[in-house]
Amino acid sequence: MSPSSTPYFLTTPIYYVNDSPHIGHAYTSLACDVIARFLRSEGSEVMFLTGTDEHGQKVEKSAKQHNLDPQKFVDEVSKRFRKLSELMDFSNDDFIRTTEARHIKSCQALWKRISDGKTPNGQDSNIYLGKYDGWYSVRDEAFYDESELIKDTKNPSNYLAPTGASVEWVEEPSYFFRLSAWQDKLLEFYENNPEFVAPQSRRNEVISFVKGGLRDLSISRTSFSWGIPVPDDDSHIMYVWLDALTNYITGINFPEITSDKWNKYWPASLHMVGKDILRFHAVYWPAFLMSAGIEPPQRVFAHGWWTNEGQKISKSLGNVIDPEVIVRKYGVDAVRYFLLREVPFGNDGYFSHASMVTRINKDLANDFGNLAQRVLSMISKNFEGVIPYPQKNAECNFKSFETLSLSQNLLSKVSPLIHKQAFNEALDRIWEVVREANRSIDKDEPWKLKKKNKSGMGTILWLQAETIRNLAIILKPFMPQSMDRLLDQLNIPLDERNIVNLHEDNEGDICQKYSLRPDSKLPKPVAIFPKYICEFED
RNA sequence: GGCGGGGUAGCUCAGUUGGUUAGAGCGUCGGAAUCAUAAUCCGAAGGUCCCUGGUUCAAAUCCUGGCCCCGCUACCA
């Protein structure tokens with residue numbers, strides 16, 4: 001396999017260890033995983049990074065509650081996210097933790113570069129010492145804007161947080177990043193890079209936010225200590241976002257900017273994020289980088305949220321979707337398929353048991369699983385499980401021949417869709433061919449040729465099985481385990497299951513180098529996507 | 001309030017630069033077939049394309065006005 005295109009570096013956000021892994025984490029990483037697998041399969045060099053965010057006041061507190069040293073505590077809880085990778089079959093190349101030495105070094109180096117640099121007017125420094133103040137609620141652990149506060153009904157001279165918690169005016173020294181100075185540079189960057197924020201509607205939001213004016217950003221804290229010390233002033237630790245975002249460059253060796261990894265993979269191809277953290281990635285992060293003289297990433301995609309049976313998911317409602325529970329219930333590949341097939345990527349999704357079962361039973365079991373099963377069984381029963389030869393110059397008499405060429409042209413439609421994160425459309429295109437395959441078998445009626453035209457029957461089955469091989473290879477990034485089981489049943493060697501093995505460009509014989517091999521003895525076919533049998537519960 | 005995106009079959013949505021009988025999947029009804037996980041295939045029913053006025057030979061598609069829904073409007077990891 002030779003690299004066929006430029007290296008691709010993609011990332012998930014690092015997940016906050018204080019959270020339990022939920023469907024949102026699984027979703028973000030899944031999207032990245034499918035892209036990573038797809039591009040590797042196309043022959044690209046890929047770096048897929050994920051990890052955990054382990055600093056902050058909440059972590060410090062939780063550790064205390066568990067009577068643990070913060071490092072011990074995060075060592076423990078970060079494991080849950082590694083387990084999520086295993087559970088969901090994610091193929092990340094690295095797993096970064098913000099408490100690692102490499103990251104601390106990286107953050108401090110970035111801080112220095114920012115602080116050594118000047119704002120675009122060339123006069124001010126990017127970082128200055130100031131005072132962070134505001135109305136703080138200890139109970140909520142949050143600052144509120146004056147406009148958000150409400151009058152205390154019992155004591156009208158007093159103000160409360162919107163949550164009803166009492167607030168106090170607090171002040172602490174803080175370093176500030178001169179974000180206000182970078183407004184025009186950011187707008188210019190968005191203008192010159194129309195693909196930088198996706199989907200389009202999010203791009204509009206980002207631009208309008210920046211156009212509305214930017215305030216300087218507090219980037220250090222003194223009120224707690226679980227964080228990365230500010231260089232040359234360890235009474236401060238870095239603001240969590242500066243710390244967290246920097247993981248993306250730590251992961252490819254920053255500050256070693258002469259290293260191969262850095263040169264190969266920066267600027268990042270794609271930061272995948274949930275819509276709630278878009279601003280940090282599309283505004284603050286490029287500003288930090290530009291101020292440090294580093295090129296911003298190429299693209300940030302903000303995806304939507306899932307609701308549970310139409311209800312907003314929240315801890316207090318107790319309707320959080322645990323990836324482990326649904327994977328155990330439906331199977332990992334069914335969950336992977338569902339999440340990317342059910343809604344246009346970028347939109348919010350409606351997770352429900354009923355729609356999950358429909359996808360499993362209709363798309364997977366009936367359309368695709370049954371397609372494979374009917375073809376493989378006919379080969380098994382009529383050809384003793386030996387792949388028949390396609391009859392020369394006769395193949396084009398069959399509808400199945402047209403289907404095969406549809407499957408050969410499929411990659412040219414699907415690949416650009418994956419490159420723009422349109423998973424749902426990609427699967428749609430693939431299923432058009434799956435349905436067409438079923439139609440063409442019905443039209444060709446190979447079972448009727450058993451006696452009078454056995455070689456014709458064999459030709460149809462070869463064409464269909466070869467179509468299935470193409471489909472399975474293209475689908476493998478979405479459902480790696482199931483497609484491997486299917487490719488096992490077609491006797492495709494393990495090292496010929498990539499997109500680069502789809503077909504060669506040589507004209508002539510329909511049997512090409514990597515095509516399904518006639519004469520190959522197949523194992524007894526086993527249904528690849530069993531139906532989900534509805535129980536009485538839910 | 002400001003900026004942005006929407007309102008299309010029972011449900012979820014597609015509809016490119018305005019152009020023949022407005023599409024798909026699911027659901028419903030009818031039929032064919034029987035290789036297959038009772039899977040598949042064919043067909044039908046079902047829409048005032050939010051309302052309004054206008055531009056045009058022609059508008060779901062452009063413009064006016066209105067109604068409704070959603071997102072963003074800063075330091076909440």
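Chain A is the first sequence line, chain B the second, and so forth, proteins listed ahead of strands; every chain is numbered from 1.
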Asker: Which whole number of Å gives the distance between the P atom of B/U48 and that of B/G23?
Answerer: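 After rounding to an integer number of Å, I get 16 Å for this pair.
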Asker: What is the pairing partner of B/U40, taking Watson-Crick or G-U wobble pairs with both distances under 3.5 Å in any strand?
Answerer: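 Across any shown strand, B/U40 pairs with B/A32.
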Asker: Distance between the C1' atoms of B/U52 and B/G66, in whole angstroms?
Answerer: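 To the nearest whole Å, 7 Å.
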Asker: So what does A/Leu214 hit on the nucleic acid, given a heavy-atom distance under 4.0 Å: a base, only sugar-phosphate, or nothing?
Answerer: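 A/Leu214: base contact, heavy atoms under 4.0 Å.
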Asker: Less than 4.0 angstrom from a charged side-chain N to a carboxylate O is my criterion; do A/Arg435 and A/Asp367 meet it?
Answerer: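 So A/Arg435 pairs with A/Asp367 through a salt bridge.
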Asker: Counting only side-chain heavy atoms from C-beta out, which of B/C75, B/G5, B/C72 sits nearest to A/Asn204?
Answerer: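 Nearest to the side chain of A/Asn204 among the choices is B/G5.
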Asker: Could you tell me whether A/Arg439 contacts a base, only the sugar-phosphate backbone, or nothing, with contacts defined as non-hydrogen atoms closer than 4.0 Å?
Answerer: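 Contact class for A/Arg439: sugar-phosphate only.
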Asker: For B/U56, give the paired nucleotide (Watson-Crick: N1-N3 plus N6-O4 or O6-N4; G-U: N1-O2 and O6-N3; both under 3.5 Å), or none.
Answerer: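 Paired with no nucleotide.
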Asker: Residues two or more places apart in sequence or in another chain: which of them pass side-chain hydrogen bond (donor to acceptor under 3.5 Å, both in side chains) with A/Ser180?
Answerer: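 Here the qualifying residues are A/Asp216.
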Asker: Please measure how far the C1' atom in B/G18 lies from the corresponding atom in B/C57, and state the result in whole Å.
Answerer: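 These two C1' atoms come out 12 Å apart once rounded.
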Asker: Within a 6.0 Å radius of atom CD on A/Glu171, are there more than 12 heavy atoms belonging to other residues, nucleotides or ligands?
Answerer: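 Atom CD in A/Glu171 is crowded, with more than 12 foreign heavy atoms closer than 6.0 Å.
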Asker: Round to a whole Å and report the spacing from OH of A/Tyr532 to C1' of B/A39.
Answerer: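 Distance, rounded to whole Å: 20 Å.
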Asker: Closest-nucleotide mapping onto RNA chain B: is A/His55 or A/Arg202 further toward the 5' terminus? I mean the 5' end.
Answerer: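 Final value for this comparison: A/Arg202.
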Asker: Can you check the distance between B/U61 and B/C26, where both ends of the measurement are the C1' atom (answer in whole Å)?
Answerer: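 Per the computed distance, 27 Å lies between those C1' atoms.
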Asker: Taking any heavy-atom pair under 4.0 Å as a contact, classify A/Trp431: base, sugar-phosphate, or nothing.
Answerer: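 No contact.
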Asker: In whole angstrom, give me the gap between the C1' atoms of B/C50 and B/A60.
Answerer: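 About 12 Å, rounded to a whole number of Å.
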Asker: Check this for me: A/Lys420, atom NZ, are more than 12 non-hydrogen atoms of other residues, nucleotides or ligands nearer than 6.0 Å?
Answerer: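 Not buried by this count: 12 neighbours or fewer within 6.0 Å.
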Asker: Describe the nucleic acid contact of A/Gly349 in one word from base, sugar-phosphate, nothing, applying a heavy-atom distance below 4.0 Å.
Answerer: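 Since no nucleic acid heavy atom lies under 4.0 Å of A/Gly349, the category is nothing.
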Asker: Let me know the distance between CG of A/Asp276 and P of B/A74, rounded to the nearest Å.
Answerer: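 Result: 15 Å.
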Asker: Using the P atom on both, measure B/C70 against B/U8 and round to a whole Å.
Answerer: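 Approximately 15 Å lies between the P atom of B/C70 and that of B/U8.
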Asker: Could you say whether A/Val206 or A/Asn361 is positioned toward the 5' end of RNA chain B, judged by the nucleotide with the nearest heavy atom to each?
Answerer: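 Comparing both residues, the 5'-ward one is A/Asn361.
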Asker: Could you tell me whether A/Arg435 contacts a base, only the sugar-phosphate backbone, or nothing, with contacts defined as non-hydrogen atoms closer than 4.0 Å?
Answerer: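 It contacts sugar-phosphate atoms only.
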Asker: Using the C1' atom on both, measure B/C63 against B/U55 and round to a whole Å.
Answerer: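 Pairwise C1' distance, B/C63 against B/U55, rounds to 7 Å.
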Asker: When you measure from the centre of the six-membered ring of A/Phe196, is the NZ or CZ of A/Arg203 closer than 6.0 Å and no more than 45° off the axis?
Answerer: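 The answer is no; the distance or angle limit is not met.
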Asker: For A/Phe280, report the nucleic acid contact type (base, sugar-phosphate, nothing); a contact means any heavy atom under 4.0 Å.
Answerer: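 No contact.
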Asker: Tell me whether the guanidinium CZ or amine NZ of A/Lys454 lies under 6.0 angstrom from the six-membered ring centre of A/Phe383 and within 45° of its axis.
Answerer: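 Relative to the ring axis of A/Phe383, which defines the angle, A/Lys454 lies inside both limits.
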Asker: Taking atom types as modelled and ignoring hydrogens, do the side chains of A/Gln421 and A/Arg299 form a donor-acceptor contact shorter than 3.5 angstrom?
Answerer: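 Yes - a donor-acceptor pair under 3.5 Å links their side chains.
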Asker: Counting only Watson-Crick or G-U wobble pairs whose two distances fall under 3.5 Å, which nucleotide matches B/G25?
Answerer: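 B/G25 is paired, partner B/C11.
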Asker: Counting the atoms with a prime plus P, OP1 and OP2 as sugar-phosphate, which does A/Lys275 contact under 4.0 Å by heavy atoms, base, sugar-phosphate, or nothing?
Answerer: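 If one applies the 4.0 Å heavy-atom cut-off, A/Lys275 turns out to touch nothing in the nucleic acid.
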Asker: Just to be sure I understand the rule, does A/Tyr15 reach a base, reach only the sugar-phosphate, or reach nothing, if contact means heavy atoms closer than 4.0 Å?
Answerer: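 It contacts nothing in the nucleic acid.
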Asker: Using a 4.0 Å heavy-atom cut-off, write out nucleotides 28-38 of chain B from 5' to 3' as B (base contacted by protein), S (sugar-phosphate only) or - (no contact).
Answerer: ------SBBB-
Asker: State the pairing partner of B/G4; accept Watson-Crick or G-U wobble contacts with both distances under 3.5 Å, and report none otherwise.
Answerer: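 Checking every strand shown, B/G4 finds its partner in B/C70, with both distances under 3.5 Å.
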Asker: Check whether any side-chain heavy atom of A/Lys64 lies under 4.5 Å from a side-chain heavy atom of A/Trp226, and answer yes or no.
Answerer: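 A/Lys64 vs A/Trp226: side chains apart.
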